[in-house]
Amino acid sequence: MPSFGSDTGNVLYLIVCGAPPAADTARTVKEKQAEGWDVCVIATPHGAQWFDVAQVEELTGHEVRQEFRSPTTPEFGPRGDAILLLPATFNTLNKWALGINDTLALGLLNEAVGRSVPIEVRPVVNDALAGHPSYQTSTATLTAMGVRFRR
């Protein structure tokens with residue numbers, strides 16, 4: 001099983017879900033690059049609809065990944081040293097806490113937990129959904145796994 005971690009130690013996987021802050025993905029990429037990160041963007045299928053994929057690919061020099069690779073496609077690189085999940089939606093957080101692996105984004109998040117990769121999450125969940133018992137359970141589960149939440 002391949003390991004996480006790049007040769008340079010500065011690769012950030014920016015995982016983008018479908019919510020309004022995803023429209024600022026290019027700005028987030030620039031901010032993280034200014035901090036010294038080599039940013040690779042991975043989007044959920046809905047997340048990629050919120051930003052200009054071509055612009056982000058030009059900024060990062062990396063393909064925006066949305067789907068699992070095919071059996072004949074090599075694994076993508078570079079390996080990530082840290083993950084920022086922004087925006088994190090109700091759906092993704094609940095699936096992730098349960099270990100569901102049905103998107104590339106969730107697969108990378110699940111693997112990262114298993115490999116103790118630092119993960120920061122910035123949830124974008126309305127008050128009604130934040131009050132749902134599943135959300136409360138999921139955030140507690142993810143926190144117990146070492147995931148850091150930031151508003």
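Since the structure is predicted, the reported quantities are computational estimates derived from the model, not experimental observations.
- Under the 4.5 Å side-chain contact rule for hydrophobic residues, Leu86 and Val53 share a cluster.
- For Glu58, the CD atom sits in a loose shell: 12 or fewer heavy atoms of surrounding residues, nucleotides or ligands are nearer than 6.0 Å.
- Listed here is the closest heavy atom pair of Pro123 and Arg151: CG-NH1, 2.5 Å.
- Follow the hydrophobic side-chain contacts under 4.5 Å out from Leu109 and you never reach Val39; the two are in separate clusters.
- By the 4.5 Å heavy-atom criterion applied to side chains, Trp37 and Thr60 are not counted as neighbours.
- Side-chain contact between Val125 and Thr89 is absent, with no heavy-atom pair separated by less than 4.5 Å.
- A salt bridge does not link Arg65 to Glu67: none of the charged side-chain nitrogens sits closer than 4.0 Å to a carboxylate oxygen.
- For the residue pair Ser70 and Thr73, a side-chain donor N or O sits within less than 3.5 Å of a side-chain acceptor on the partner.
- Using a 4.5 Å cut-off between side-chain heavy atoms of Ile, Leu, Val, Met, Phe, Trp and Tyr, with links allowed through other members, Leu84 and Phe51 fall into the same hydrophobic cluster.
- Side chains of Val117 and Asp81 form no contact here, defined as non-hydrogen atoms less than 4.5 Å apart.
- Classified by interplanar angle (parallel below 30°, tilted 30° to 60°, perpendicular above 60°), the ring pair Phe90/His132 is perpendicular.
- Paired with Val41 under the rule side chain to side chain contact (heavy atoms under 4.5 Å, CB included), one option of Ile15, Leu14, Leu12 passes, and it is Leu14.
- Looking at every heavy atom in both residues, Ala43 comes nearest to Ala48 through CB-N, 3.7 Å.
- Looking only at atom types and distance, the side chain of Ser134 has no donor-acceptor partner in the side chain of Asn94 under 3.5 Å away.
- Asp24 places no side-chain N or O within 3.5 Å of a backbone atom of Arg27 that could act as its donor or acceptor partner.
- Looking at Glu120, its side chain never comes within 3.5 Å of a backbone N or O of Ile83 through a donor-acceptor pair.
- Scanning all heavy atoms of the two residues, the minimum distance from Pro21 to Val124 falls at CG-CG2, 3.6 Å.
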(request) Please report the C-alpha distance between Asn110 and Trp96 in whole Å, then the side-chain angles of each, then the deciding distance to 0.1 Å, and finally whether the side-chain contact (heavy atoms from CB on, under 4.5 Å) criterion is met. (result) CA-CA 7 Å; Asn110 285 318; Trp96 180 23; 3.2 Å; yes

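- Side-chain contact check for Tyr135 versus Leu129: every heavy-atom pair is 4.5 Å or farther apart.
- The shortest non-hydrogen separation linking Thr92 to Leu106 is O-CD2, 3.7 Å.
- Taking the side chain as every heavy atom from C-beta outward, Leu85 and Phe149 never approach each other to under 4.5 Å.
- A donor-acceptor pair is defined here as one N or O able to donate and one able to accept, closer than 3.5 Å; no such pair exists between the side chain of Gln66 and the backbone of Leu104.
- In terms of heavy-atom proximity, Asn101 sits nearest to Phe68 at O-CZ, 3.4 Å.
- Inspection of the Asp38 and Asn10 side chains reveals no N or O donor paired with an N or O acceptor under 3.5 Å.
- Atom CG in Leu98 sits 5.0 Å away from atom CD1 in Ile100 (nearest 0.5 Å).
- Residues Val121 and Leu93 have side chains in contact (heavy-atom distance under 4.5 Å, counting atoms from C-beta outward).
- Using a 4.5 Å heavy-atom cutoff, the side chains of Lys95 and Ser138 are not in contact.
- When all heavy atoms of Thr44 and Ala105 are compared, the closest pair comes out as CG2-CB, 3.9 Å.
- In this structure, the separation between CE on Met145 and OG on Ser116 is 12.0 Å, given to the nearest 0.5 Å.
- Grouping the Ile, Leu, Val, Met, Phe, Trp and Tyr side chains by contacts below 4.5 angstrom, directly or via other members, places Leu108 with Ile119.
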(message) One pair to check against side-chain contact (heavy atoms from CB on, under 4.5 Å): Trp50 and Val16. What are the steps and the verdict?
(response) CA-CA 9 Å; Trp50 285 84; Val16 180; 5.9 Å; no

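- Considering only heavy atoms from C-beta on, His46 stays 4.5 Å or farther from Cys17 through its side chain.
- Side-chain atoms of Glu57 do not come within 3.5 Å of backbone N or O of Glu63 as any donor-acceptor pair.
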